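Taking it in order: structure first as C-alpha cells, then the write-up.
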Number of protein chains: 2
Amino acid sequence: MRETVSADNRPYHHGDLRRALIDAARRLLERDGPSALSLRAVAREAGVSPAAPYHHFKDKGELLDAVAHEGWDMLNQAMGKARAEAKSLGDRMVALGVAYVCFARDNPSLYRVMYDGSRDKDDLPEHARRQDDSAYFHVRDTLVEAGADPNDEISLELATSAAWCAAHGLAEMASFKLFDHLKDAVGGEEAFFRGILSHMRVFADQPPK
Amino acid sequence: MRETVSADNRPYHHGDLRRALIDAARRLLERDGPSALSLRAVAREAGVSPAAPYHHFKDKGELLDAVAHEGWDMLNQAMGKARAEAKSLGDRMVALGVAYVCFARDNPSLYRVMYDGSRDKDDLPEHARRQDDSAYFHVRDTLVEAGADPNDEISLELATSAAWCAAHGLAEMASFKLFDHLKDAVGGEEAFFRGILSHMRVFADQPPK
DNA sequence: AAGGCATCTTGACAATGCTTAGATTTGTCC
DNA sequence: GGACAAATCTAAGCATTGTCAAGATGCCTT
C-alpha cells in the first residue's frame, strides 16, 4: 500500500525515527545534562536498538549537529523577538544581548552542545550567520539602525563580533557562583546582565565610533 | 637496590608518578587535543598500568583539575607579566586583555580544560581570583590604577567581570574562520584582538563611569 | 629482621561508539 | 500481482574507556 503520510516521504518502519531521535536527545539533555547524552541512551529513550541511529546519522557528532541546529534556530527566533519587542531604538542592542544571555541561561545544556568544541567545528554554523533572520544579522542590522555606518563593512563586522563575543562570554560566566553576590547587589539577574553589557560600547545607546 | 633508574626498565616504584602523570597529560593535550586525553592514555604515556593513577588521583576529574591548576598558574603569570611590561598606564588594560586572549590561543587545549564544564564546577577555581597575583586581581587593580573608584566595590567588580567576560568570549571565538578576513583587514591577529577589545569601555583609556 | 604501608599490576566489569551480518519491511518495475 | 532492490531495523561483536577489587612489590619504621 502506498498509504504513507501525506506530504512526507519518510514514514517507512518507525514512522520518523530521525525526528524521534532528535527529540529523545533533547529530552535527555534537559533531564540529565550533556554528559549523560550517549548515542545508546538516545536509542534507548527512543525505543530502538543501539545501532538504529546509524541509519539516520553518520555518527554521534551528526546527531549532535542536528540538535545544535535546532538550538540555533531557537536562538535566532529569540533574538528576532527581542529585537521586535524592544521598547526604544536605543534599547534594542541591550535587549538583544539580554535575550542571548537569557537563552543560554534557560537552555544551558543545549547551549553547550551548540558551542561544543569536541566536534571539529572551525566555525560557527552557517545558519547562525548567513540567513537574513539569523542572530548575527539581527545584531548587525540593529547596529545600523542605531547609527553605525552601513558602508564601513569592516567596522560593522568588528562591532557585531565584539557584541557577540561579549554576550557569549557573559553567557558562559553567568552560571558561576562568583557572580551571585553581584546579582543580588544590582537587583537581580537581568539587571546584572544589563550591568555587564553596559560596559561594552556596542551595547551603549550611541553607535560605536 | 635503590638505584636502578637505568635506561631500560622502570625504577623501584616510580620517582614521582603524580608529577609524571600531569606532565604526560599535558604532553598528550598538546599533541592530540582534549578529546584524546583518556586516563588510560595518560597512564600509557607515563609507562604505568591503567590503574596506577588511582593511587594519586580520586578519578579522572581530579587529574584534569591538577592540569587545569597549572594552567591557571600560567595564566596568572602571563597576566602579571603583561601588566608589568605595558608601555603606558593607559595601555595596561588592553595589554591584559591581549595577554589573556593570546594565552588561550597559544594553549587552546589547556584553556579548554581550565573551563571544562563536564566536571562539576559551579565557580572559577580559587587561585584564579583569590590570590593577590591572580589574573582577576591583576585586572581589578589595573582598573583602579586607571582611575576607577576603589571604594565602590560593586562597580569595580562589575567592571572587572565585564572585562573577564569580554576576554573569555573573544578567546573562545577567535579560532573561528568567520574572523579570518577581519584579522587580515585590520592587520593581523593581535590588531584584531585590540579591535574587538576596544569596543569594551573597560578596555578603553578612560575608567568606566 | 619483620611487619606495615604506600605503591603498582592484574584482571575484571559495565558502558560506550561503531561495524558487520542478517532479518524485515517498503517501494518499484515488469 | 509478483519478484527484486533498497531502505530500515536488530543482533552480535570489537575495541576502548572509567573504575574497582585483589594481589604483588618494594620502601620505611620499629
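The structure displayed is predicted, hence computed values, not measured ones. Sequence lines set the chain letters: A, B, ... in the order given, protein chains first and strands last, and positions in each chain run from 1.
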Practice problem: Evaluate the ring planes of B:Tyr100 and B:Trp164, with Trp represented by its six-membered ring, and classify them as parallel (under 30°), tilted (30 to 60°) or perpendicular (over 60°). | Solution: perpendicular

Quiz item: Any donor and acceptor pair, going by atom type alone, linking the side chain of A:Lys183 with main-chain N or O of A:Ala174 inside 3.5 Å?
Solution: yes

Exercise. Kindly write out the residues that satisfy side chain to side chain donor-acceptor pair (under 3.5 Å) with B:Asp23, not counting sequence neighbours, or none if the list is empty.
Key: B:Arg19

Quiz item: Between A:Arg44 and C:dT16, is there a side-chain N or O to OP1/OP2 distance below 4.0 Å?
Solution: yes

Self-check item: Option from A:Leu39, A:Leu63, A:Leu17, A:Asp59 for which side chain to side chain contact (heavy atoms under 4.5 Å, CB included) with A:Pro53 holds
Solution: A:Leu39

Quiz item: To the nearest angstrom, how far is A:Lys60 atom NZ from C:dT19 atom P?
Solution: 14 Å

Quiz item: Does A:Trp72 have its ring centroid less than 6.0 Å away from the ring centroid of A:Tyr115?
Solution: yes

Atom pairs, protein N/O to nucleotides 10-13 of chain D N/O, distance under 3.5 Å:
| residue | atom | partner | partner atom | Å |
| --- | --- | --- | --- | --- |
| D:dT10 | OP2 | A:Ser49 | N | 2.7 |
| D:dT10 | OP2 | A:Ser49 | OG | 2.9 |

Practice problem: Round to a whole Å and report the spacing from CZ of A:Arg18 to P of D:dT8. | Solution: 11 Å

Self-check item: Residues B:Thr160, A:His199; criterion side-chain contact (heavy atoms from CB on, under 4.5 Å); working and verdict
Solution: CA-CA 10 Å; B:Thr160 307; A:His199 279 84; over 6 Å; no

Quiz prompt | Criterion side chain to side chain donor-acceptor pair (under 3.5 Å) on A:Arg105 and A:Ser175, from CA distance to verdict | solution = CA-CA 8 Å; A:Arg105 177 201 57 188; A:Ser175 65; over 6 Å; no

Practice problem: Please state whether the phosphate of C:dA6, meaning OP1 or OP2, lies under 4.0 angstrom from any side-chain nitrogen or oxygen of B:His56. | Solution: no

Practice problem: Would you kindly give the CZ-to-P distance between B:Phe57 and C:dT7, to the nearest whole Å? | Solution: 12 Å

Quiz prompt | Of residues 26-39 of chain A, the positions that come close to DNA chain C - non-hydrogen atoms, cut-off under 4.0 Å | solution = A:Ser38, A:Leu39

Quiz item: Salt bridge between B:Arg140 and B:Glu157, side-chain N to carboxylate O under 4.0 Å?
Solution: no

